[in-house]
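Structure first, commentary second.
As a basis for the values below, the full set of heavy atoms in this structure was taken, side chains included, without hydrogen atoms, waters or symmetry mates. The chains referred to below are lettered A, B, ... by the order of the sequence lines, with proteins before strands, and numbering in each begins at 1.
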Number of protein chains: 2
Amino acid sequence: MIGKADILRQLRNEIVTLELKPGSILSETALSERFRISRTPLRDVLKQLANENYIDVYPKKGNLVSYIDLESVEQIIYLRSTLEKDIVKTLASQAAPLPLKGVLELKEILGRQEEAIGQDRAHEAFLHWDDAFHKSLFALAGRVFLWDLIQQSNVHYARYRRLHLLKKEKLEALLGEHRLILDSITNRDIGPIDEIVQHHLHEDINAAYLRENFADYLNLPRLDSL
Amino acid sequence: MIGKADILRQLRNEIVTLELKPGSILSETALSERFRISRTPLRDVLKQLANENYIDVYPKKGNLVSYIDLESVEQIIYLRSTLEKDIVKTLASQAAPLPLKGVLELKEILGRQEEAIGQDRAHEAFLHWDDAFHKSLFALAGRVFLWDLIQQSNVHYARYRRLHLLKKEKLEALLGEHRLILDSITNRDIGPIDEIVQHHLHEDINAAYLRENFADYLNLPRLDSL
DNA sequence: ATACCTGTTCTTGTATACAAGATTTCCGTC
DNA sequence: GACGGAAATCTTGTATACAAGAACAGGTAT
């Protein structure tokens with residue numbers, strides 16, 4: 001038996017992987033037939049999706065998968081950048097010895113990420129372990145609470161990253177920066193952290209590339225009269 | 001005609017001002033009678049309240065106003081502290097001249113806050129303009145998005161502050177720190193910002209005081225067997 | 001051809017009846 | 001009196017019928 005939580009997870013996944021494209025219509029009756037459930041619990045799911053900006057609700061008209069909002073992307077990048085600089089510096093400079101278990105976990109994750117690069121679904125696997133790495137940093141600093149908080153507003157950023165990684169193979173570069181971050185923690189070298197984290201999270205915020213190639217995924221002033 | 005948005009605002013306000021105490025029961029039928037509305041739209045409101053941690057839903061049992069979670073309070077303080085240090089430093093050191101309008105707005109707010117100290121409902125009025133001051137800082141740095149994001153997870157912190165301000169009159173002290181922050185911006189003096197903001201937001205996180213005087217408002221391991 | 005009005009058919013929003021689980025009450029038994 | 005169990009009565013969860021608004025198609029008048 002599938003429940004509301006499963007439906008929520010599945011729709012979230014389809015939207016975040018762009019399987020459901022921005023602008024797609026999510027009608028209540030269609031979904032209630034697809035998942036063999038009545039409209040009432042399904043509306044709960046849709047309300048949750050709206051809350052996390054996965055969809056936009058137009059009353060009495062319909063529910064659309066939201067367009068990627070670059071403003072939201074920039075704000076989240078700034079938020080994460082500011083937080084993670086502080087978190088990594090804290091980990092690198094704390095008096096207590098680093099928990100061995102934590103460092104091993106980080107190395108393990110980087111190993112998985114390296115494996116992922118060659119595989120079929122390289123991007124999805126890579127992104128999964130990329131999230132795992134950053135979440136692990138938050139966890140070591142006792143800040144999973146904030147990681148989870150950010151995840152609740154992460155749709156636009158998550159989709160942005162997927163489109164961005166299509167441009168060219170930057171996977172190795174990103175992995176290399178992860179290694180630099182881990183090194184500065186284990187070596188307790190605070191110096192370069194700000195710069196590394198800043199560059200790592202900002203990648204190149206290349207709005208122009210997205211505007212050219214994925215204009216119909218973006219939340220832009222729409223010229224309906226064409 | 002009152003709508004869902006009004007009901008949501010009202011309940012949020014009653015909870016955050018502790019008019020509705022932690023542990024209070026919010027039954028769907030009771031609320032639907034109070035607001036003369038059917039259970040369906042009312043459940044939407046309750047779901048939203050649950051989402052923002054105003055209430056805890058125990059399936060088939062009931063909805064309770066959430067107990068204040070000190071862990072959440074500490075995490076939000078760290079988040080705001082880290083962000084606002086960066087924001088204030090940015091404002092104080094940006095190349096462009098400070099927008100006159102912004103500085104005037106901040107001074108205006110501090111004036112209102114000073115007025116509030118003497119009044120009847122001093123604490124509520126003070127807190128209102130306190131929020132206005134900090135939000136204004138976010139706004140000047142182009143980060144209202146993040147202010148709003150934080151507000152969505154702000155119940156525990158907001159209630160914590162209200163209880164904390166009851167301890168003694170710290171209103172003048174807080175106002176003074178606001179003046180210091182504004183001064184360091186206008187004087188472009190980055191030096192003391194980290195320390196001021198850190199102290200300002202952490203006040204004294206005096207968990208002991210709350211545990212002694214408001215234990216029944218807190219989310220503690222409950223010893224039901226007494 | 002075009003503008004406009006109207007009815008049909010979509011959409012989501014609301015009310016309500018019923019289902020399912022948890023708690024409490026109360027009566028019978030020991 | 002104390003304990004146990006069944007039934008009544010709470011609670012929220014689900015399904016469904018209906019209401020209300022928006023979009024669209026079709027026909028008509030200009």
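The nearest whole Å value for the distance from the CD1 atom in Ile7(B) to the P atom in dT14(C) is 10 Å. One can place CD1 of Ile2(B) at 12 Å from P of dT14(C), the figure rounded to the nearest angstrom. Atoms CG (Leu31(B)) and C1' (dA15(C)) sit 17 Å apart, rounded to a whole Å. Rounded to an integer number of Å, the gap from CG of Leu46(B) to C1' of dT14(C) is 16 Å. Between Leu42(B) atom CG and dT11(D) atom C1' the separation is 14 Å, expressed in whole Å. Tyr58(B) places its OH atom 16 Å from the C1' atom of dT23(C), with the value rounded to the nearest Å. Whole-Å rounding puts the Ile55(B) CD1 to dT11(D) P distance at 15 Å. Rounded to an integer number of Å, the gap from CD of Glu33(A) to P of dT16(D) is 12 Å.
As judged by a 4.0 angstrom heavy-atom cut-off over every strand, Lys47(A) is placed among residues making no nucleic acid contact. Nucleic acid contact class of Leu26(A) (heavy atoms, under 4.0 Å, all strands): sugar-phosphate only. Across all strands, Asn63(A) comes closer than 4.0 Å only to sugar-phosphate atoms, never to a base (heavy-atom distances).
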Do Leu83(A) and Ile150(A) pass the side-chain contact (heavy atoms from CB on, under 4.5 Å) test, and can you show the C-alpha distance, the side-chain angles, and the key distance before you say yes or no? CA-CA 11 Å; Leu83(A) 277 180; Ile150(A) 295 173; 4.0 Å; yes

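For Thr40(A) against dT16(D), a side-chain N or O and a base N or O form a donor-acceptor pair under 3.5 Å.
The Lys60(A) side chain lies nearest to dA20(D) when the options are dT11(D), dA20(D), dA15(C).
Under the 4.0 Å criterion applied to side-chain N and carboxylate O atoms, Asp130(A) and Arg161(A) are assigned as salt-bridge partners. Salt bridge absent: Lys47(A) and Asp44(B) never bring a charged side-chain N and a carboxylate O closer than 4.0 Å.
Ring planes of His134(B) and His178(B): perpendicular class, angle over 60° (limits at 30 and 60°).
Note that Arg159(B) lies outside the cation-pi zone of Tyr217(B), set by a 6.0 Å cut-off to the ring centre and a 45° limit from the axis.
Distances shown here put every side-chain N or O of Lys61(B) at or beyond 4.0 Å from the OP1 or OP2 atom of dG21(C).
Both Ala30(B) and Arg39(A) lie close to DNA chain D; mapped to their nearest nucleotides by heavy-atom distance, the more 5′-ward contact belongs to Ala30(B).
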